[in-house]
Amino acid sequence: MLYDIAGLKIQINNRLSYTNGFCEKYLSADQSAVPDITVAVTDEEFYKEKKGSENFADGYIENLCIYRKICNVMPHYDRFLLHSSVVEYGGKAYAFLGHSGAGKSTHSALWLKNLPTAKILNGDKPIIGYENGKFFVYGTPWQGKENFGYDGKAELVSACFIRQAKVNAIKHLTQGEFADALFAQTLMPPTADGAARTLELLDLLVKTVPAFLLDCDISREAFLTSYNAMTDVVKHGTV
């Protein structure tokens with residue numbers, strides 16, 4: 001089946017039915033269009049994934065392999081996977097990053113609680129695309145365990161790394177600090193050309209999008225700390 005994902009036509013030749021339902025909201029209206037990307041999972045890829053995911057259904061395992069294969073070729077289309085929870089507010093995207101359990105989803109929920117028009121564009125695995133000097137976040141069917149997200153696109157205007165703390169404080173990261181923290185949240189393709197293009201895109205990202213480190217609890221004050229810094233830097237165009 002042909003799907004519209006991250007602004008591209010993607011042909012997914014899955015063997016198991018799980019992916020059909022999983023991606024149904026992204027099904028392309030024109031199934032006869034020429035795909036930009038075609039993916040299928042080999043037996044070798046499937047069984048390699050299955051060895052580390054024995055408690056999961058086969059359809060789920062194939063689905064994981066499919067998204068990894070899609071993301072591995074995304075850099076050839078100036079796109080890459082960034083592990084993050086992304087809030088869309090006022091037509092702009094704000095990305096929250098950090099290691100598993102750091103509180104990305106919890107802090108994103110604070111934005112939704114305090115901003116009635118805010119939405120989760122993608123809760124865990126969005127695609128970031130570079131177009132005409134700007135970075136954009138694309139929603140994808142792969143949204144994390146909470147399954148928060150929708151099929152949309154918004155300009156990425158700020159990023160924030162989350163760290164749990166008892167006192168709320170925020171720091172504007174230098175480009176070097178942003179780059180160091182960013183690598184752990186990015187899927188790096190296994191091919192030399194894919195990895196090289198990903199590094200080029202990350203270099204552009206740290207030079208284009210302002211980034212912060214937020215020490216926070218789960219209070220309204222924590223929300224205000226990130227909101228004020230992230231929206232202020234956007235208003236004044238500071239990178």
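With sequence neighbours left out, the salt bridge (charged side-chain N to carboxylate O under 4.0 Å, His left out) criterion links Glu45 to Lys69. Under the ring pair (Phe, Tyr, Trp, His ring centres under 6.0 Å) criterion, Phe96 pairs with His107, Trp111, sequence neighbours left out. Scored by the ring pair (Phe, Tyr, Trp, His ring centres under 6.0 Å) test, Tyr26 finds no partners at all (sequence neighbours excluded). Under the salt bridge (charged side-chain N to carboxylate O under 4.0 Å, His left out) criterion, Arg15 pairs with Asp43, not counting sequence neighbours. With sequence neighbours left out, the ring pair (Phe, Tyr, Trp, His ring centres under 6.0 Å) criterion links Tyr60 to Phe56. Looking at residues two or more places apart in sequence or on another chain, you find a ring pair (Phe, Tyr, Trp, His ring centres under 6.0 Å) between Tyr67 and Trp142. Taking Lys25 as the reference, nothing meets the salt bridge (charged side-chain N to carboxylate O under 4.0 Å, His left out) condition, with sequence neighbours excluded. Partners of Asn114 by side chain to side chain donor-acceptor pair (under 3.5 Å), not counting sequence neighbours, listed by chain and number: Arg220. Shown here are the salt bridge (charged side-chain N to carboxylate O under 4.0 Å, His left out) partners of Asp151, two or more places apart in sequence or in another chain: there are none.
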Test side chain to side chain contact (heavy atoms under 4.5 Å, CB included) applied to Gln143 and Tyr150, step by step: CA-CA 9 Å; Gln143 300 168 351; Tyr150 64 95; 5.7 Å; no
Stepwise side chain to side chain contact (heavy atoms under 4.5 Å, CB included) test for Glu88 and Glu155: CA-CA 9 Å; Glu88 182 271 311; Glu155 182 186 353; over 6 Å; no
List the steps, then state whether side chain to side chain contact (heavy atoms under 4.5 Å, CB included) holds for Asp30 with Asp4. CA-CA 10 Å; Asp30 183 6; Asp4 296 319; over 6 Å; no
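For the salt bridge (charged side-chain N to carboxylate O under 4.0 Å, His left out) condition, no pair includes a residue of residues 96-115, sequence neighbours left out. Note on residues 167-195: pairs passing salt bridge (charged side-chain N to carboxylate O under 4.0 Å, His left out), not counting sequence neighbours, are Lys171-Glu177.
Counting only N and O atoms by type, the side chains of Ser28 and Lys9 include a donor and acceptor under 3.5 Å apart. Side chain to side chain, Asn63 and Thr19 meet the donor-acceptor criterion of an N or O pair below 3.5 Å.
For Asp215 and Arg163, the salt-bridge test passes: some basic side-chain N is under 4.0 Å from an acidic carboxylate O. With respect to the salt-bridge test (charged N to carboxylate O, under 4.0 angstrom), the residues Asp58 and Lys50 qualify.
When side chains are defined from C-beta on, Ser158 counts as touching Phe212, because their heavy atoms get closer than 4.5 Å. At least one side-chain heavy atom of Asn72 sits under 4.5 Å from a side-chain heavy atom of Pro190.
Gln31 places a side-chain N or O within 3.5 Å of a backbone atom of Leu2 that can act as its donor or acceptor partner. A donor-acceptor contact shorter than 3.5 Å links the side chain of Glu62 to the backbone of Leu16.
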Using distance only, find each side-chain donor-acceptor pair of residues 198-205 under 3.5 Å and give its atom names and separation, not counting sequence neighbours.
| residue | atom | partner | partner atom | Å |
| --- | --- | --- | --- | --- |
| Thr198 | OG1 | Gly194 | O | 2.8 |
| Glu200 | OE1 | Arg197 | NH1 | 2.7 |
| Asp203 | OD2 | Lys207 | NZ | 3.0 |

